[in-house]
Protein chains: 2
Amino acid sequence: MSVNDEFLVAAQSLLGPRGLTRDADLITPWLTDWRGRFHGAAIAMASPADTNELAGLMQLCSHHRVPVVPQGGNSGMSGGATPDGSGTALLLSLRRMNAIRSVDVAPREAVCEAGVVLQTLHDAAAAQGLRFPLTLGGKGSATVGGLIATNAGGTQVLRHGSMRAQVLGLEAVLADGRVFDALTPLKKDNRGFDLKQLMIGSEGTLGIVTAATLRLQPALADRVVLWAGIDSIRDARKLLLHVQNLAEDILEGFEVLPEHSLDAVLALLPAARAPLNGRHRWHALIELAADNAGAAALPGRAEELLTSAFEAGLLEDATIAANEAQAEAFWTIRDEISPAERALGPAMQHDISVPVAAMADFVTEAVAAVEARYEGTTAIAFGHLGDGNVHFHVLAPKGADRAPWEASQGKEISSFVHDLVTQWGGSISAEHGIGQLKRDELGRLGHPVQLDMMRAVKAALDPLGLLNPGKLVPPCG
Amino acid sequence: MSVNDEFLVAAQSLLGPRGLTRDADLITPWLTDWRGRFHGAAIAMASPADTNELAGLMQLCSHHRVPVVPQGGNSGMSGGATPDGSGTALLLSLRRMNAIRSVDVAPREAVCEAGVVLQTLHDAAAAQGLRFPLTLGGKGSATVGGLIATNAGGTQVLRHGSMRAQVLGLEAVLADGRVFDALTPLKKDNRGFDLKQLMIGSEGTLGIVTAATLRLQPALADRVVLWAGIDSIRDARKLLLHVQNLAEDILEGFEVLPEHSLDAVLALLPAARAPLNGRHRWHALIELAADNAGAAALPGRAEELLTSAFEAGLLEDATIAANEAQAEAFWTIRDEISPAERALGPAMQHDISVPVAAMADFVTEAVAAVEARYEGTTAIAFGHLGDGNVHFHVLAPKGADRAPWEASQGKEISSFVHDLVTQWGGSISAEHGIGQLKRDELGRLGHPVQLDMMRAVKAALDPLGLLNPGKLVPPCG
């Protein structure tokens, strides 16, 4: 038998028929990433039932030197869960490990296995009068393990932080099959390096997240959604500071979009209506929300906030959603920007961040710089102003053919944008991660000392290089 | 010249007369730890003026294989900043690097060098109408670098988190003199491992913190301090949950103490008065606080909270401090527990945590177990109930001689307490760190996988073992 055959026999024996398959019909759907940009191959797909099985499997992988590509809901944006084309790697699905072990009301904690789908967690928390305050487009497929491995973000980071801030405890299987058990949540623990922080956001390159203890929040009792028309993104920043000064305790979201994006959504969705009558160069979508303790005061505080912002000259016009249906309609506009902009033609999309205080200036300068340098392009920025994180899209000149434009000018534009972001002290990946999509850019633009530290830590915890090879960590030189 | 002489000549040339001294009068005060339990020796004391000088110094240390013991205010509790007795290490003071580079009001951030004293930071933030929400007994000497290296805690962790939660950006010098620069604060950044998390709480064993960008909070406009008499620590836990349900947004502190500790403070401080008239087995000190936006509602909410807690049968008696002087007097009782208990005779002190939900049960069981097993001892627990962190003191039987008791029965008791904590899934160091004091206990009780991971990361980032040798990381087997 070849080494691979020996491994497969042993893995089959360990995992049983449900735990290992080589059936192409079952595997193929998981070998292409969410956006359809990366395709890979695998010797088999493993679906262990629990942490012990996975630990045994990793011992086998380690013994036979079989690389492993962990995968949750396969809804990542950077190809981090897609194997390369060599077919040497084992595709490791965590989806069978999907138990919510507990939801505890008093400490407000949930213990979830890696394969729990985000929407399922939302529902389980809601059933106990609680909520898990992180959500994103892929909530119907994204899993807890993947959210942790990628330190997922979303629109609620402003108030609650990204996935890292929700993780109170963590369990992971290491490259050699040993189990890192830090699942018990301790609010204070100074027994050395906080190793679970290393696992969070490591995209499966240091260990495979198998379970986590997650922080829950009280359920929201009420929300108020506002829409404001604003003259400039600098004014939007001032408005954000105004809201933070007066109502930070109830500020659940603060998103901005330019006129261009609103028009694009209105063109895409015939049923959508502009929230305001006049035209404004910028728009802000603001959500205020409170639990039971603060719900009664919420409408009054929202009114006061708008009045004071008007008086301070921070906005041109504004409206408060009259009911939940209108609130949803406002959010639909925000959520449909990406597809609406894509419908206009080819575009390069960049998930970037700079220091929050610099974001307004950065957007103003970057839009002008890109449009001046690349004639006919349109640059737009929208998203999480309060987090210093915008999605920066550059639309191709009218009439450009998608594939050739993306491969030539589009690629050059992305490098240009990433250079700019780096000059501003920002990040070329604010929330989508590095995966295989941005590994070379990270190698090109990352701080050499930090890249060396990452390589050193990677070599220390995965000396055989079996965990998600080719992802995240740029190779030397 | 010997290797050491060569090193000293080069270091003197690099740092100048202010930057390096071998004068015993200047060095000796820094060779004994805060509590006077550890004494060390050093070949010299270096005090670099800036990050570049320190980087050059570490290149020299690396070249000459000179170990380095970083030190901030020397107010640590675990001997983490005291060299061993060999005299081979360089004592590295960060106290000259004490500039507050900026305090920015809009993003509420301060950029501080490592040597900035906590009280100085408090004052600088207050001057801008802001505050830095972490404080502790040693605030007049503890430095930002030391607070980060030890992930310091205090009484405000309940609301604001420990030092880790305050660090938005970080700069550190590595063992080989390279500079890890992650000082620019990005609210969202998914470019791989969050390496600054590794530095926080690593006690100078992975790198030397030189500067940090810290999160500030709005200044408090008002506070209400309550004192409650309670029948049991389980009721105290129920009261905590009650307060969290109704007033989590203004809950600044929740400390508990047993009758024994109150009596000890009243005995130590003749001017102190019991906040309540009757006797109660347990007491809770609760601070509610709000910034400008919430100050007006504060007194009313405090009254409501007490009324509802009475009605729910959660407390026996309670009082609200009538003025700021009385509020301070309540806090003085809390702050003087440690000296008051020490004045009663020899005691073993343990800085421990267990999951918050388990704390009341743990204390009840642990007190009974210790007192049953060690005749004549008195076990008491007080502190941060809301963090699952109590200071667990075991007083010697009456008449015991301090030194022999501590060395024999005292030591055995500490092992017993640490065993119990470990069985409950807790930590043998909640906030004071490991240093040299608890390194062997960590080696004895730490999870073998986690200890191996720590050793692997340590070897990866400090392959020559020059950074704070003998601290934190237990040696193999």
Side-chain angles (χ1 to χ4, degrees), chain A residues 104 106-107 150-151 153 157 162 164 174 178-182 184-195 197-198 200-202 206 241 246-247 249 293 353-357 387-389 425-434 442 446-447 449-450 453-454 456-457 459-461 472-473, chain B residues 104 106-107 150-151 153 157 162 164 174 178-182 184-195 197-198 200-202 206 241 246-247 249 293 353-357 387-389 425-434 442 446-447 449-450 453-454 456-457 459-461 472-473:
Chain A
D104 286 327
T150 59
N151 186 30
V157 173
S162 62
R164 187 181 301 279
L174 304 183
R178 289 185 301 168
V179 178
F180 167 69
D181 178 2
T184 304
L186 293 174
K187 203 165 146 80
K188 277 171 148 175
D189 182 14
N190 276 344
R191 281 176 297 173
F193 318 154
D194 191 347
L195 296 165
Q197 302 292 348
L198 263 189
I200 300 168
S202 69
L206 298 180
L241 290 174
L246 293 182
D249 59 312
S353 64
V354 296
V356 179
D387 302 329
N389 168 210
S427 170
I428 63 166
S429 179
E431 57 179 11
H432 294 169
I434 297 296
L442 181 60
H447 194 297
V449 174
Q450 298 185 26
M453 290 170 74
M454 282 175 60
V457 170
L461 295 185
L472 181 57
V473 186
Chain B
D104 287 328
T150 58
N151 186 29
V157 173
S162 62
R164 185 180 302 279
L174 304 183
R178 290 185 301 169
V179 177
F180 168 69
D181 177 2
T184 304
L186 293 174
K187 202 165 147 80
K188 276 171 149 175
D189 182 14
N190 275 345
R191 283 176 297 174
F193 318 154
D194 191 347
L195 296 164
Q197 302 292 348
L198 263 188
I200 301 168
S202 68
L206 298 180
L241 289 174
L246 294 182
D249 58 313
S353 64
V354 296
V356 179
D387 303 327
N389 168 211
S427 170
I428 63 167
S429 178
E431 57 180 12
H432 294 170
I434 298 295
L442 180 60
H447 194 298
V449 174
Q450 297 185 26
M453 290 171 75
M454 283 176 58
V457 170
L461 296 184
L472 180 57
V473 186

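Below, chains carry the letters A, B, ... as their sequence lines are ordered, and counting in each starts from 1.
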Query raised in the report: Between N190(B) and G201(A), is there a donor-acceptor pair closer than 3.5 Å when you use the side chain of the first and the backbone of the second?
Result: no
Query raised in the report: When you measure from the side chain of D189(B) to the backbone N and O of S353(A), does any donor-acceptor pair fall under 3.5 Å?
Result: no
**Report entry** Distance-only polar pair, side chains of R191(A) and S427(B), donor-acceptor under 3.5 Å
**Finding:** yes
Requested in this report: Could you walk me through whether V354(B) and T184(A) pass side-chain contact (heavy atoms from CB on, under 4.5 Å), step by step?
Outcome: CA-CA 9 Å; V354(B) 296; T184(A) 304; over 6 Å; no
Go through [options] and name the one with the most non-hydrogen pairs under 4.5 angstrom from chain A.
options                            : value
V179(B), V356(B), I200(B), L246(B) : V179(B)
L241(B), D194(B), D104(B)          : D194(B)
P107(B), P355(B), G446(B)          : P355(B)
D249(B), V157(B), T150(B)          : V157(B)
L198(B), N151(B), I434(B), D387(B) : D387(B)

Query raised in the report: Once you round to the nearest 0.5 Å, how far does CZ of R164(B) lie from CD of Q197(A)?
Result: 5.5 Å
Query raised in the report: How many angstroms lie between atom CZ of F193(A) and atom CG of L461(B), to the nearest 0.5 angstrom?
Result: 8.0 Å
[X] versus chain A, the contacting section by heavy-atom distance below 4.5 Å:
X       : result
A182(B) : both
S162(B) : neither
L186(B) : side chain
V473(B) : side chain
A459(B) : neither

**Report entry** Interface residue of largest heavy-atom contact number with chain B, from A460(A), A430(A), S429(A), under 4.5 Å
**Finding:** A430(A)
Report task. Among the options A357(A), A247(A), A456(A), G153(A), pick out the one with the most heavy-atom pairs lying under 4.5 Å from chain B. Result -> A456(A)
Query - Candidate list L174(A), D181(A), L195(A), test side-chain contact (heavy atoms from CB on, under 4.5 Å), partner V449(B), passing option - result: L174(A)
Query raised in the report: Tell me, side chain or backbone of I428(A) under 4.5 Å from chain B's heavy atoms, or both, or neither?
Result: both
**Report entry** Check against side-chain contact (heavy atoms from CB on, under 4.5 Å), N389(A) and K187(B)
**Finding:** CA-CA 8 Å; N389(A) 168 210; K187(B) 202 165 147 80; over 6 Å; no
